[in-house]
> 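One structure is given below, represented as structure tokens, and several questions about it will come after.
All heavy atoms count here, side chains included; hydrogens, waters and symmetry mates do not.
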Amino acid sequence: MPYGSDLNFTYAHTHKVMFGTDTINDVGDIADDLHCHRAVIVTDVFLSEKTDMVSRLSKSLGKRLAGVFSGVVPDPTAESIDRGAQKASEMDADLIISLGGGSSIDTGKALAVV
């Protein structure tokens, strides 16, 4: 089934999933709505180093960005979760933002639990 570039949606359940052109620009406003001040972006090395996604998200977050954890691995391990949780704790994070696919989402959820 082909999807056009005009496909946009917001799905809200326990977690909010945003998808669509330029939705990354809305993340700062959502952080404000949640009264969060120290966000950590959870992503993988590819998105962090080979795309502009992290810099675009950082721009949206502005001063709310506490840091980036780019240690997401496929099928996240306990070791990678522990590293990310330690980093988020050191940054005194009050918001975890997963950037990427399933492994980034799973890692972000695990960091929030830890």
> For D94, which residues count as a side chain to side chain contact (heavy atoms under 4.5 Å, CB included) partner, sequence neighbours excluded?
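For D94, the residues satisfying side chain to side chain contact (heavy atoms under 4.5 Å, CB included) (neighbours in sequence not counted) are C36, H37, R38.
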> Applying side chain to side chain donor-acceptor pair (under 3.5 Å), name anything that partners T77, two or more places apart in sequence or on another chain.
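T77: side chain to side chain donor-acceptor pair (under 3.5 Å) contacts with S80.
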> Of all residues at least two apart in sequence or in a different chain, which pass the side chain to side chain donor-acceptor pair (under 3.5 Å) check with R83?
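Checked R83 against side chain to side chain donor-acceptor pair (under 3.5 Å); matches are E79.
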> Per the salt bridge (charged side-chain N to carboxylate O under 4.0 Å, His left out) rule, what does the pair list look like for residues 65-77, sequence neighbours excluded?
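Pairs touching residues 65-77 that pass the test: none.
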> Shortest non-hydrogen contact from S104 to S98?
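In this case the closest contact between S104 and S98 is O-OG, 3.0 Å.
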> Can you name the residues that form a side chain to side chain contact (heavy atoms under 4.5 Å, CB included) with D52, not counting sequence neighbours?
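For D52 the side chain to side chain contact (heavy atoms under 4.5 Å, CB included) partners, ignoring immediate neighbours, are S55, R56.
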> Verify the cluster assignment for V54 and I97: are they in a single hydrophobic cluster under the rule of side-chain heavy atoms below 4.5 Å apart?
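Linked, V54 and I97 end up in one cluster.
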> Does any non-hydrogen side-chain atom of L65 lie less than 4.5 Å from one of I41?
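SC-SC contact between I41 and L65 confirmed.
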> Does any part of the side chain of S60, heavy atoms only, come nearer than 4.5 Å to the side chain of I24, both counted from C-beta?
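I24 vs S60: side chains apart.
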> What pairs with S103 under side chain to side chain donor-acceptor pair (under 3.5 Å), at least two apart in sequence or on another chain?
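None.
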> Measuring from N25:CG to L57:CG, what's the distance to the nearest 0.5 Å?
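So the CG of N25 and the CG of L57 are separated by 9.5 Å.
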> Show the atom names and distances, to 0.1 Å, of all donor-acceptor pairs under 3.5 Å that link a side chain in residues 84-93 to residues at least two apart or in another chain.
from : atom 1 : to  : atom 2 : distance (Å)
Q86  : NE2    : E90 : OE2    : 2.9
K87  : NZ     : V68 : O      : 2.9

> Enumerate, atom names and distances included, each donor-acceptor pair closer than 3.5 Å involving a side-chain atom of residues 27-35, sequence neighbours excluded.
from : atom 1 : to  : atom 2 : distance (Å)
D32  : OD1    : R64 : NE     : 2.7
D32  : OD1    : R64 : NH2    : 3.3
D32  : OD2    : R64 : NH2    : 3.0

> Walk me through it: do V40 and L95 pass the test side chain to side chain contact (heavy atoms under 4.5 Å, CB included)?
CA-CA 6 Å; V40 173; L95 179 63; over 6 Å; no
> Name all residues meeting the side chain to side chain contact (heavy atoms under 4.5 Å, CB included) criterion together with V45; count only those two or more places apart in sequence or in a different chain, and write none if there are none.
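Partners of V45 by the side chain to side chain contact (heavy atoms under 4.5 Å, CB included) criterion, ordered by chain and then number, come out as E49.
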> Would you check if I96 and F69 make a side-chain contact, meaning some heavy-atom pair closer than 4.5 Å?
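A side-chain contact is absent here, since even the closest heavy-atom pair is not under 4.5 Å.
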> Tell me every residue that passes side chain to side chain contact (heavy atoms under 4.5 Å, CB included) with L47, counting only those two or more places apart in sequence or in another chain.
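L47 satisfies side chain to side chain contact (heavy atoms under 4.5 Å, CB included) with T43, D44, T51, M53, L99 once adjacent residues are dropped.
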